[in-house]
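Below, chains carry the letters A, B, ... as their sequence lines are ordered, and counting in each starts from 1.
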Number of protein chains: 2
Amino acid sequence: MRADARDNRDRVLEAASDVFATEGANASLRLVAREADVGLATLLRHFPSRDALLEALLRTGFSRLAARGDELRVAQDPRAALLTWLRDFVECADTSRGVVAAMTAAIEDPQSALHAACVEMRTSGADLLVRAQEAGAVRRDLDGNDLFLLAGGIAWTYGQGRTTPQRAHLLDVQLEALLS
Amino acid sequence: MRADARDNRDRVLEAASDVFATEGANASLRLVAREADVGLATLLRHFPSRDALLEALLRTGFSRLAARGDELRVAQDPRAALLTWLRDFVECADTSRGVVAAMTAAIEDPQSALHAACVEMRTSGADLLVRAQEAGAVRRDLDGNDLFLLAGGIAWTYGQGRTTPQRAHLLDVQLEALLS
DNA sequence: ACCTGAACACCGTTCAAGT
DNA sequence: ACCTGAACACCGTTCAAGT
């Protein structure tokens, strides 16, 4: 990639990170482009869809999450491992309002640029789920698909909390409830 | 209200009910107006904001829910009463995708046309919550605010399920988890 | 190779003009 | 009283024209 192109790409990502964080994941792409001092068409050449932009923003967190999943599976007891994964999931999804909805939509849509990343995420969670179920820490009538949606709902509620303590409390309550 | 005005109002409500159900609560108001055979400006004269339209659509379900809450409080044991209220809440919120988010936003915004209805709803749930807590059916470190958001999250996840059985299953799991 | 302005079809809001 | 077309400032998509 040419140096100026790389430069533009980086500035778009930075601007998107800021704008999505404050305005939510449905913020205007025109605003992102303005903030990055780039034409809207340039933004769309680098990231042909909103999901492509989200994917680039979430990739770091996602792959860290997948790697953590592998570590957790060998290092910790199954219940604690799943719990940690869930907390990481929520943290990932908390980067911007509305990103959870984008994820649950993307996992149903193979065309989405976010699809593969979400499927990977679901798989890494499903692995930990199975082990937790074998250890008796979670009810057995859940599969990876259910876990993905339940984790999404937990993250959604977490994101709705107004104060930091309320958010933390809501998260604790939901995690304890799920991992009864 | 003049007869033709009443007529237009009714057609708008019917069209909104259809469009929101299929396209979600963020669907184009222009589309709703077209479907109702009415100018967009006419729609906005009857319902000056999207929330006003949502409020009109949800009012029936909401007041039924509040009335049910009163009945439940005297008729049933506290745990079952709260459980029934939660199921009704989810059913209300299931009228269209995205309506839960509109509700949790509206309860924070006194300007919203949906605000009062959501506050009433929270109150009716909070009453049942207190009684369930006194009966030991729910943890005591939750208030009406928490319940409103938790119920919202349950409804959100419910709405994400793809098949009817999965949706029902997700709902059962979450209700059992909350009312441990 | 890469960027961009402009055209396009949409959106919600507002208001002067109609009956 | 009530309705509506039109103007406005926005949106995401597309593409011919520029360097």
Report task. Could you check how far CG of A/Leu43 sits from P of C/dC2, rounded to whole Å? Result -> 16 Å
Report task. Scan every strand shown for a Watson-Crick or G-U wobble partner of D/dC10, both distances under 3.5 Å, and answer none if you come up empty. Result -> none
Query - Nucleotide C/dA1, atom P - distance to CG of A/Asn8 in whole Å - result: 18 Å
Requested in this report: Mark yes or no for whether B/His169, through its side chain, and A/Leu142, through its backbone, hold a donor-acceptor pair below 3.5 Å.
Outcome: no
Query - D/dC3 OP1/OP2 closer than 4.0 Å to side-chain N/O of B/His46 - result: yes
Query raised in the report: B/Ser28 side chain to B/Leu31 main-chain N or O, any donor-acceptor pair under 3.5 Å?
Result: yes
Query raised in the report: Does A/Thr42 reach the main-chain N or O of A/Val38 with its side chain, forming a donor-acceptor pair under 3.5 Å?
Result: no
Query raised in the report: Could one point to a donor on the side chain of A/Arg30 or the base of D/dG12 with an acceptor on the other under 3.5 Å away?
Result: yes
Query raised in the report: Counting side-chain heavy atoms from C-beta on, which of C/dG12, D/dT13, C/dC2 comes nearest to B/Ser28?
Result: C/dG12
**Report entry** Selected nucleotide, minimal atom distance to B/Ala41 side chain, candidates C/dT13, C/dC11, C/dC15
**Finding:** C/dC15
**Report entry** Minimum-distance nucleotide to A/Arg2 side chain [options: C/dC2, D/dC11, D/dT14]
**Finding:** C/dC2
Query raised in the report: What nucleic acid atoms does A/Ala5 come within less than 4.0 Å of, heavy atoms only: base, sugar-phosphate, or nothing?
Result: sugar-phosphate
Query raised in the report: B/Thr42 near the nucleic acid: base, sugar-phosphate alone, or nothing, with a heavy-atom cut-off under 4.0 Å?
Result: base
Query raised in the report: Of the candidate nucleotides D/dG12, D/dC3, C/dC3, which contains the atom at the shortest distance from the side chain of A/Arg50?
Result: D/dG12
Query raised in the report: To the nearest Å, how far apart are A/Phe47 CZ and D/dG12 P?
Result: 15 Å
Query raised in the report: Which nucleotide in the list D/dC2, D/dT13, C/dC2 gets nearest to the side chain of A/Arg45?
Result: C/dC2
Query raised in the report: Counting N and O atoms only, with roles assigned by atom type, does the side chain of B/Ser112 sit under 3.5 Å from a partner on the main chain of B/Asp109, one being a donor and the other an acceptor?
Result: no
Query - Selected nucleotide, minimal atom distance to A/Leu40 side chain, candidates D/dG12, C/dG12, C/dT4 - result: D/dG12
Requested in this report: Please answer whether the main-chain N or O of B/Gln166 pairs with a side-chain N or O of B/Thr163 as donor and acceptor at a distance below 3.5 Å.
Outcome: yes
**Report entry** Complementary nucleotide for D/dG18 - Watson-Crick or wobble, under 3.5 Å
**Finding:** C/dC2
Report task. Can you figure out which of C/dT4, D/dG12, D/dC11 approaches the side chain of A/Arg34 most closely? Result -> D/dC11
Report summary line: Sorted by position of nearest nucleotide on DNA chain C, 5' first, the leading residue of B/Ala27 and A/Arg9 is A/Arg9
